[in-house]
Amino acid sequence: REASRKTASDVVENAEPGSHRVEGAALASRIHTQLGAHAVFASPHESVACTRWIMGSRSMDAWRLRPKLQLHSPVKRCGKTTLLGAIRGFARGRLTTSSVSAAALFRVIDAWEPTLLIDEADLCLRDRPDLNGILNAGDTRSAARVIRALGDDGPERAAAADGDMAARRDAEEPATA
């Protein structure tokens with residue numbers, strides 16, 4: 001099936017907000033507790049940063065800057081994917097992937113503006129300047145633009161590339177996104 005025929009609900013997971021009022025500080029505390037139940041952080045600042053990023057993913061449209069969350073550690077098999085899964089449970093409009101083409105990423109970001117969660121980012125992004133160009137397009141809405149031709153005869157299309165993103169990678173690999 002073509003991406004243009006799919007709806008956001010076919011690709012992007014999004015929990016509907018509840019009808020009751022939520023106190024932000026209490027919600028942040030619950031998220032922080034849940035992250036701590038799934039991962040061991042080297043510093044309390046790391047768990048606070050993850051909690052704030054999750055809370056921010058729910059209100060990113062109000063922000064001028066969109067921070068990217070990098071999950072890494074000095075060793076393999078230490079819980080980065082588990083932490084990414086825990087973050088996935090809370091993030092807005094989430095789309096998890098461990099492999100994607102630049103064309104597919106362009107179309108998905110343009111159509112659905114998901115919170116992109118990339119597992120195995122070190123492998124997915126290695127030697128992929130086209131993909132890195134989209135992901136590194138900028139952290140501000142005004143700078144986060146990419147242009148692509150749609151088909152051989154155009155037309156060209158500019159799309160925003162300023163969506164929320166968390167990437168899991170092994171520390172020995174160079175940072176890309």
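Hydrogens, waters and symmetry mates are skipped; everything else that's a heavy atom, side chains included, is used.
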(request) Check Leu95 against Pro114 and note the closest heavy-atom contact, atom names and distance. (result) CB-CB, 3.9 Å
(request) Drop me the distance from Arg30's CZ to Glu23's CD, to the nearest 0.5 angstrom. (result) 10.0 Å
(message) Strictly distance-based, threshold 3.5 Å: is any side-chain N or O of Arg94 a donor or acceptor partner for the main-chain N or O of Ala91?
(response) yes
(request) Looking only at non-hydrogen atoms, find the nearest pair between Ala28 and Thr51 and report the distance. (result) O-CG2, 3.4 Å
(message) Using the rule given for side chain to side chain contact (heavy atoms under 4.5 Å, CB included), can you reason through Leu71 versus Thr81, listing the C-alpha separation, both sets of side-chain angles and the distance that settles it, and then say yes or no?
(response) CA-CA 9 Å; Leu71 307 176; Thr81 298; over 6 Å; no
(message) Counting C-beta onward and ignoring hydrogens, is there a side-chain heavy-atom pair between Leu135 and Leu105 closer than 4.5 Å?
(response) yes
(message) Starting from Trp53, can I reach Val48 by hopping between I/L/V/M/F/W/Y residues whose side chains sit under 4.5 Å apart?
(response) no
(request) In sequence, state the C-alpha distance, the side-chain angles, and the governing distance for Val100 and Ile118, and then conclude on side chain to side chain contact (heavy atoms under 4.5 Å, CB included). (result) CA-CA 9 Å; Val100 64; Ile118 305 175; 5.8 Å; no
(message) Ignoring hydrogens and geometry beyond distance, is a side-chain donor-acceptor pair present between Thr82 and His38 at under 3.5 Å?
(response) no
(request) Write down the atom of Cys124, the atom of Ser99, and the distance for their closest heavy-atom approach. (result) SG-CA, 3.8 Å
(message) Main chain of Ala26, side chain of Ser29: is a donor-acceptor contact present, judged purely on distance under 3.5 Å?
(response) no
(request) Without swapping roles, check the side chain of Glu46 against the backbone of Ala42 for a donor-acceptor pair under 3.5 Å. (result) yes
(request) Determine the minimum heavy-atom distance between Leu35 and Cys50, stating which atoms define it. (result) CD1-CB, 3.7 Å
(request) Mark yes or no for whether Asp119, through its side chain, and Leu84, through its backbone, hold a donor-acceptor pair below 3.5 Å. (result) no
(request) To the nearest 0.5 angstrom, please state how far the CD atom of Glu120 sits from the CG atom of Leu125. (result) 11.0 Å
(message) Is there a side-chain contact between Leu117 and Thr97 in this structure, where contact means two heavy atoms from C-beta onward sitting under 4.5 Å apart?
(response) no
(request) Over all heavy atoms of both residues, which pair between Ser57 and Thr115 is shortest? Give the atoms and the distance, please. (result) CB-OG1, 4.2 Å
(request) Starting from the C-alpha separation in whole Å, work towards a yes-or-no answer on side chain to side chain contact (heavy atoms under 4.5 Å, CB included) for Phe90 and Gln34. (result) CA-CA 10 Å; Phe90 295 108; Gln34 285 297 310; 3.7 Å; yes
(message) Working to the nearest 0.5 angstrom, can you tell me the gap between Ile31 CD1 and Met55 CE?
(response) 5.5 Å
(request) Determine the minimum heavy-atom distance between Ser101 and Arg128, stating which atoms define it. (result) CA-NH2, 3.5 Å
(message) Please determine whether the number of non-hydrogen atoms from other residues, nucleotides or ligands lying under 6.0 Å from atom CZ of Arg52 exceeds 12.
(response) no
